[in-house]
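Because the structure is predicted, anything quoted here is derived from the model rather than measured.
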2 protein chains.
Amino acid sequence: MRDRPIDRDRSIDIDQLFHALGDRTRRAILDQLVDRPMTVSGLAEPLGITVTAVMQHLQILEEARLVHTEKLGRVRSCRIETAGFRALEQWIRDHRTAWEKKLDRLGRLLAEEDAGRN
Amino acid sequence: MRDRPIDRDRSIDIDQLFHALGDRTRRAILDQLVDRPMTVSGLAEPLGITVTAVMQHLQILEEARLVHTEKLGRVRSCRIETAGFRALEQWIRDHRTAWEKKLDRLGRLLAEEDAGRN
DNA sequence: ACAATAGTCAAGTGAAAACTTCAGTGTTTT
DNA sequence: AAAACACTGAAGTTTTCACTTGACTATTGT
């Protein structure tokens, strides 16, 4: 993983966000990072996978803005980032209210239909 | 897709929930269902995939409690279900607050450390 | 009854993606 | 300076997964 900087101003892609969270191992990584920042090998050990594999996951998590990593000397420190979570929360709110509106409308329609029948 | 009943009392598996939402096509299906209940072939047409493929997606969405389907005669009607979305929202809330607490704690520690230095 | 419709099933294909190996690179310790 | 450490990169393997095909079942329309 080259240390190419991630464009922090890019709007978060909901597609890669869901993809990032759609993997068991990546969510396990997030769970570890909830407690404290960790190194790459520190993350790898309890997962029972290679350091390289963790690096690949980190790349995906970082692009989804769920994790931020920074290399100091020879160790890379990884920690949770808020942006991804916020974007996800927003997406769900939007979608939930969208179909709640529709369901309300449908409910009213059915009620009117019922009333007309009598 | 056999009509084996889905255990509606089973607590929602966050793993299959994320996996369900991690696919572009399945989210497109959800978007279609936001507007109105639809049939399997009705969903398939605008997606440009086979009815069989849609069935497979529906199976996954149904297990994640994001949609509910019901077969009447030869037609299967599909509609959004709320349970999955609610579980997801809860998960995010839990996780966000969890690490927000940790970050707060870390912040205080650093502040104290700073204060002690002077 | 016959055809058309709507979905179901089993099995297979192909591509994406998770993971590995192994040979580097730069950094810290001794 | 040399060894140990922590990662990085490229390339390969294996697994997962979306999607298809084609044969089949059950329901509805003529």
Side-chain angles (χ1 to χ4, degrees), chain A residues 1-6 13-33 36-64 66-79, chain B residues 1-6 13-33 36-64 66-79:
Chain A
M1 182 177 172
R2 178 128 81 289
D3 229 345
R4 49 130 188 65
I6 294 215
D13 182 350
I14 201 72
D15 208 58
Q16 50 186 191
L17 190 52
F18 273 115
H19 174 244
L21 285 164
D23 180 82
R24 201 187 267 284
T25 307
R26 282 192 287 269
R27 285 199 310 284
I29 289 175
L30 289 177
D31 279 340
Q32 286 193 73
L33 293 180
R36 64 199 169 288
M38 292 183 80
T39 67
V40 179
S41 42
L43 287 167
E45 201 225 81
L47 295 171
I49 57 177
T50 60
V51 178
T52 311
V54 173
M55 285 292 295
Q56 287 159 6
H57 286 306
L58 284 173
Q59 219 166 153
I60 290 162
L61 288 167
E62 215 174 348
E63 284 212 26
L66 290 162
V67 164
H68 175 68
T69 78
E70 198 175 2
K71 193 161 183 183
L72 292 158
R74 66 179 169 183
V75 315
R76 178 175 292 278
S77 174
C78 315
R79 60 175 177 74
Chain B
M1 183 176 170
R2 177 127 82 288
D3 229 344
R4 47 131 187 67
I6 294 212
D13 181 351
I14 201 73
D15 208 60
Q16 46 188 193
L17 191 50
F18 273 114
H19 174 242
L21 284 165
D23 180 81
R24 204 187 261 286
T25 306
R26 283 192 286 270
R27 287 200 308 281
I29 288 175
L30 290 177
D31 279 340
Q32 286 194 71
L33 293 178
R36 66 201 168 286
M38 291 182 81
T39 67
V40 179
S41 41
L43 287 167
E45 202 226 78
L47 294 171
I49 57 177
T50 61
V51 177
T52 310
V54 173
M55 286 292 296
Q56 287 159 4
H57 286 305
L58 284 173
Q59 220 167 151
I60 290 162
L61 288 167
E62 214 172 349
E63 285 211 26
L66 290 163
V67 309
H68 176 67
T69 79
E70 199 176 2
K71 194 165 181 180
L72 293 157
R74 66 181 167 179
V75 177
R76 179 174 292 276
S77 174
C78 315
R79 61 175 176 73

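To the nearest angstrom, C1' of C:dC19 lies 12 Å from CD1 of A:I29. Computed from coordinates, the B:R76 CZ to D:dT27 P distance equals 12 Å when rounded to whole Å. B:L43 places its CG atom 13 Å from the C1' atom of C:dG7, with the value rounded to the nearest Å. Whole-Å rounding puts the B:R27 CZ to D:dA18 P distance at 12 Å. Following rounding to the nearest Å, A:R24 (CZ) and D:dT15 (P) show an atom-to-atom distance of 17 Å. Atom-to-atom, NZ of A:K71 to C1' of D:dC5 comes out at 11 Å; the value is rounded to the nearest Å. Here the C1' atom of nucleotide C:dA18 and the CG atom of A:L21 are 16 Å apart, to the nearest Å. Nucleotide D:dT21 holds its C1' atom 15 Å from the CD1 atom of B:I49, rounded to whole Å.
Comparing D:dC7, D:dA18, D:dT8 against the side chain of B:I60 picks out D:dA18 as the nearest.
Between the CZ atom of A:R26 and the CG atom of A:L61 there is a distance of 6.0 Å, given to the nearest 0.5 Å. Atoms SG and CG, on B:C78 and B:L58 in that order, are 4.5 Å from each other to the nearest 0.5 Å.
The base of C:dC9 sits within donor-acceptor range of the side chain of B:T52, with an N or O pair under 3.5 Å. The base of D:dC5 lies close enough to the side chain of A:R74 for a donor and an acceptor atom to sit less than 3.5 Å apart. In this model, no side-chain donor or acceptor of B:Q56 finds a partner on the base of C:dT8 within 3.5 Å.
Side-chain contact between A:Q32 and A:L47 is present, with at least one heavy-atom pair separated by less than 4.5 Å.
Within the structure, a side-chain polar atom (N or O) of B:T50 is placed less than 4.0 Å from OP1 or OP2 of D:dT20. Here B:H19 reaches the OP1 or OP2 of D:dA18: one of its side-chain N or O atoms lies under 4.0 Å away. Within the 4.0 Å cut-off from OP1 or OP2 of C:dC19, at least one side-chain nitrogen or oxygen of A:T25 is found.
Projected onto DNA chain C by closest heavy-atom contact, A:G48 and A:L72 fall at different nucleotides, the more 5' of which corresponds to A:G48. Each of A:H57 and B:S77 has a nearest nucleotide on DNA chain C; the 5'-most of these lies closest to B:S77.
With sequence neighbours left out, A:D31 forms a side-chain hydrogen bond (donor to acceptor under 3.5 Å, both in side chains) with B:H95. Applying the side-chain hydrogen bond (donor to acceptor under 3.5 Å, both in side chains) criterion to B:R74, with sequence neighbours excluded, gives no partner residue.
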